[in-house]
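Notes follow the structure.
Source: prediction; values computed, not measured.
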Amino acid sequence: DDENMYDMHIKECFAYSSENYDGSDTVKLQLTDERGCVMKNKLLEGFFTKREPNEDGGTNIVAYGYLSAFKFPDVLDVYTTCEVEICKGGCNNKCPDDRPEEGEELFGEPMADSGQETTTEPFLEGVEFFGQPISC
């Protein structure tokens, strides 16, 4: 994002007991609601964004959150998914939350309706795993 004209909003997040998300035996735990508001405070603090300079002279938007370790009964692996919205201008309809620390934006801060264009439908592009499951 060379001109800081885009924003990112983490919306609904779920944890699953299996990579077969729609399976009848898969346990599904909702971590955040459709606006990105944390539903399981003991597991997830919320999401943060940070703009980091890239090699091309622009910036990359990085989103991250802290998820406490947990497991489902009788399975060792936990799988997570989140819906991510990319917005031109600022993202609207974020969950209200506390002020961020210096240099960070907390996802969920309410945005004034600036008339900026946002995506009309979420753009979903598969699931990305950030590492292999931990074996115990």
Side-chain angles (χ1 to χ4, degrees):
D1 182 18
D2 296 344
E3 299 173 13
N4 292 337
M5 61 187 284
Y6 293 99
D7 191 11
M8 183 170 28
H9 179 201
I10 306 295
K11 298 174 93 175
E12 277 187 311
C13 294
F14 294 90
Y16 301 90
S17 62
S18 167
E19 62 185 326
N20 180 11
Y21 305 129
D22 295 326
S24 61
D25 294 339
T26 301
V27 178
K28 179 178 177 180
L29 176 66
Q30 188 167 9
L31 301 171
T32 61
D33 67 12
E34 64 276 353
R35 292 185 350 170
C37 300
V38 175
M39 297 178 68
K40 303 294 180 192
N41 293 337
K42 291 183 179 183
L43 295 178
L44 182 65
E45 293 180 18
F47 292 100
F48 303 88
T49 58
K50 187 187 265 187
R51 292 187 181 269
E52 295 184 344
N54 62 28
E55 297 172 359
D56 301 327
T59 58
N60 294 326
I61 303 173
V62 178
Y64 62 97
Y66 297 104
L67 181 64
S68 296
F70 73 97
K71 70 181 267 329
F72 292 102
D74 302 324
V75 294
L76 296 177
D77 299 330
V78 174
Y79 300 86
T80 59
T81 62
C82 290
E83 181 181 330
V84 178
E85 180 179 32
I86 306 296
C87 311
K88 187 173 183 181
C91 293
N92 296 320
N93 199 26
K94 291 184 178 182
C95 181
D97 217 322
D98 297 328
R99 298 293 310 166
E101 293 181 23
E102 185 68 29
E104 295 180 334
E105 301 175 41
L106 180 62
F107 275 133
E109 189 165 323
M111 300 286 293
D113 186 10
S114 61
Q116 297 277 347
E117 179 184 333
T118 64
T119 55
T120 56
E121 302 245 351
F123 176 76
L124 304 175
E125 188 176 312
V127 176
E128 183 175 333
F129 292 104
F130 294 100
Q132 296 298 318
I134 299 172
S135 299
C136 297

Rounded to the nearest 0.5 Å, what separation is found between the [atom1] atom of [X] and the [atom2] atom of [Y]?
X: Asp74; Y: Ser17; atom1: CG; atom2: OG; result: 10.0 Å
X: Asp25; Y: Asn20; atom1: CG; atom2: CG; result: 9.0 Å
X: Met8; Y: Ile86; atom1: CE; atom2: CD1; result: 5.5 Å
X: Glu12; Y: Asp33; atom1: CD; atom2: CG; result: 7.5 Å
X: Asp77; Y: Lys71; atom1: CG; atom2: NZ; result: 10.0 Å
X: Glu85; Y: Ile10; atom1: CD; atom2: CD1; result: 10.0 Å

Would you find a donor on one side and an acceptor on the other, under 3.5 Å apart, between the side chain of [X] and the backbone of [Y]?
X: Asn41; Y: Leu44; value: no
X: Asn54; Y: Asp56; value: yes
X: Ser18; Y: Thr26; value: no
X: His9; Y: Gly90; value: no

Smallest separation among heavy atoms of [X] and [Y], with atom names:
X: Gly46; Y: Val38; answer: CA-CG2, 3.7 Å
X: Ile61; Y: Tyr6; answer: CD1-O, 3.4 Å
X: Lys94; Y: Cys91; answer: CE-CB, 3.5 Å
X: Asp7; Y: Gly89; answer: CB-O, 3.1 Å

Look at the side-chain heavy atoms of Ile, Leu, Val, Met, Phe, Trp and Tyr, link any pair under 4.5 Å apart, and say whether Val78 and Met39 land in one connected group.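 Not linked; separate clusters.
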In terms of ring plane angle, is the pair Tyr16 and Phe14 parallel, tilted or perpendicular, where the classes change at 30° and 60°?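 Rings of Tyr16 and Phe14: tilted, 30 to 60°.
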Does anything in residues 4-58 pair up under disulfide (SG to SG under 2.5 Å), and if so which pairs, sequence neighbours excluded?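 Every pair satisfying disulfide (SG to SG under 2.5 Å) with a residue in residues 4-58: Cys13-Cys82, Cys37-Cys95.
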Are the side chains of Val75 and Val27 in contact, using a 4.5 Å heavy-atom criterion?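 Contact flag for Val27/Val75 side chains = no.
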